[in-house]
There are 2 protein chains.
Amino acid sequence: MFTIAQAARRAGCPASTIRYYERVRLLPSARRGTNGYRYYEVADIERLAFVNRARQLGFSIDAVADLLRLADHPHSPCDGVDTLIATQLHSVEKRIRQLQTLAARLRQLQSACDGEHPIRECGILAALSDTRWNEA
Amino acid sequence: MFTIAQAARRAGCPASTIRYYERVRLLPSARRGTNGYRYYEVADIERLAFVNRARQLGFSIDAVADLLRLADHPHSPCDGVDTLIATQLHSVEKRIRQLQTLAARLRQLQSACDGEHPIRECGILAALSDTRWNEA
DNA sequence: CTTGACTTTGAAGTTACTTCAAGGTTGATC
DNA sequence: GATCAACCTTGAAGTAACTTCAAAGTCAAG
């Protein structure tokens with residue numbers, strides 16, 4: 001049995017995060033000692049690590065809850081899992097495209113100025129102030 | 001003079017956002033009519049539009065405040081502006097790299113399953129449950 | 001003069017946590 | 001046994017950038 005800090009170290013997240021996951025019911029209530037302390041065993045820590053890995057992949061808390069529910073039904077078909085992964089991948093890809101557009105615009109702005117003149121003549125602020133900016 | 005909804009339409013954001021910007025002091029308090037309504041003129045709307053464009057470029061509220069302060073001092077050198085843009089560009093590029101790593105992992109997970117078998121045999125959940133996942 | 005669309009405010013909801021304050025527990029040392 | 005650091009508990013508040021809500025006042029058209 002491990003205390004919350006030990007479980008946290010093993011799963012790779014702060015103890016406060018474990019308490020948070022318990023509070024929002026992503027994880028079941030931990031067993032308690034007579035002192036009120038939470039105690040975890042290996043299976044609990046594995047579940048927590050599963051959650052952390054899914055979170056690192058960008059899944060929302062709700063999506064992780066879905067994944068856990070699916071993982072708990074080993075006999076149902078796994079296309080639900082595939083769908084969740086695909087949805088997540090699509091949203092990540094979409095975000096990448098948005099950020100790439102953003103980066104391109106920032107680079108364009110950057111090229112409008114060499115930092116050597118007064119702000120009055122700065123091409124960057126001129127571009128940001130330009131009403132026609134949103135077009136194009 | 002425009003009411004808040006008219007200003008919002010022209011600047012391309014909800015009226016609630018304008019009130020929010022005023023509350024957090026990103027924009028100065030708007031002029032008020034005897035009825036208590038906020039009224040905006042063209043210059044106010046241009047400033048608001050500037051803010052919206054900068055926000056669309058991913059600048060934080062604080063960074064936008066910096067940009068506005070800089071823009072208000074037309075005689076100082078504009079290297080501060082350049083620095084802000086460069087910082088923002090770097091953080092966007094970093095985020096893109098992170099997301100690309102994420103997308104690659106998700107695609108890898110995806111290839112571990114064709115959605116045709118029970119969850120017990122699903123390569124995706126197996127991979128997510130694998131203690132060795134974090135290595136590699 | 002009624003109706004519907006607007007406006008006001010402060011407060012709470014959102015996401016996923018983190019941080020804090022105030023207090024109890026544990027284990028080692030003196 | 002006392003003390004001390006390092007742990008644990010809880011509920012509440014802070015974070016970012018808004019959005020949504022409720023309750024109430026205002027305005028313009030018909």
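What's counted below: heavy atoms across the whole structure, side chains too, no hydrogens, waters or symmetry copies. Each chain gets a letter, A, B and so on, in the order the sequences are listed, and its residues count up from 1.
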Novice: Hey, is the main chain of Phe59(B) close enough, under 3.5 Å, to the side chain of Arg55(B) for a donor-acceptor pair?
Specialist: yes
Novice: To the side chain of Tyr21(B), which of dT7(C), dC18(D), dT19(D) is closest?
Specialist: dC18(D)
Novice: Strictly distance-based, threshold 3.5 Å: is any side-chain N or O of Asp72(B) a donor or acceptor partner for the main-chain N or O of Arg69(B)?
Specialist: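 Side chain of Asp72(B) to backbone of Arg69(B), a donor-acceptor pair under 3.5 Å: no, none is there.
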Novice: Just how far, in rounded Å, is P of dC8(D) from CZ of Phe2(A)?
Specialist: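 It works out to 13 Å between those atoms.
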Novice: Could you tell me the separation between the CZ atom of Arg19(A) and the C1' atom of dT18(C), rounded to a whole number of Å?
Specialist: 11 Å
Novice: Should Asn35(B) be listed as having a side-chain N or O under 4.0 Å from OP1 or OP2 of dT8(C)?
Specialist: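 No, because none of the side-chain N or O atoms of Asn35(B) sits under 4.0 Å from OP1 or OP2 of dT8(C).
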Novice: What is the separation between atom CD on Glu22(B) and atom C1' on dT7(C), rounded to the nearest whole Å?
Specialist: 13 Å
Novice: Can a donor-acceptor pair be found, under 3.5 Å and without considering hydrogens, that links the side chain of Thr87(B) to the backbone of Thr83(B)?
Specialist: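 The answer is yes, because a donor-acceptor pair under 3.5 Å joins these two groups.
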Novice: Look at the side chain of Arg55(A) and decide which nucleotide, out of dT19(D), dC8(D), dA16(C), has an atom nearest to it.
Specialist: dA16(C)
Novice: Does Phe59(B) or Thr34(B) map to a spot on DNA chain D nearer the 5' end, using the closest nucleotide for each?
Specialist: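 Its nearest nucleotide being more 5', the pick is Phe59(B).
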Novice: Looking at the side chain of Arg23(B), which of dC18(D), dT8(C), dC6(C) is the nearest nucleotide?
Specialist: dC18(D)
Novice: State which of dT7(C), dT10(D), dT18(C) makes the closest approach to the side chain of Thr17(A).
Specialist: dT18(C)
Novice: Rounded to whole angstroms, how far apart are OH on Tyr20(B) and P on dC18(D)?
Specialist: 6 Å
Novice: Could you tell me how far apart Arg38(B) (CZ) and dT26(D) (P) are, to the nearest whole angstrom?
Specialist: 15 Å
Novice: Take atom CZ of Arg25(A) and atom P of dA16(C), then tell me their distance rounded to the nearest Å.
Specialist: 18 Å
Novice: Let me know the distance between CG of Asp62(A) and P of dG13(C), rounded to the nearest Å.
Specialist: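 Between P of dG13(C) and CG of Asp62(A): 17 Å.
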Novice: Going through the distances and angles, do Met1(A) and Gln6(A) end up as a side-chain contact (heavy atoms from CB on, under 4.5 Å)?
Specialist: CA-CA 9 Å; Met1(A) 300 291 270; Gln6(A) 290 166 338; over 6 Å; no
Novice: Starting from C1' on dT8(C), measure out to CD1 on Ile4(B) and report it in whole angstrom.
Specialist: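 In whole Å, dT8(C) C1' lies 10 Å from Ile4(B) CD1.
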Novice: Heavy atoms from C-beta onward define the side chain here; which of dT26(D), dA16(C), dC6(C) lies closest to that of Ile61(A)?
Specialist: dA16(C)
Novice: Between Asn52(A) (side chain) and Ala11(A) (backbone), is there a donor-acceptor pair under 3.5 Å?
Specialist: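 Flag set: sc Asn52(A) to bb Ala11(A) pair under 3.5 Å.
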Novice: Return no unless some side-chain N or O of Thr3(B) is found under 4.0 Å from OP1 or OP2 of dT7(C).
Specialist: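 For dT7(C), OP1 or OP2 has a side-chain N or O of Thr3(B) closer than 4.0 Å.
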Novice: Mapping Tyr37(A) and Ser16(A) onto DNA chain C by nearest heavy atom, which one lands closer to the 5' end?
Specialist: Ser16(A)
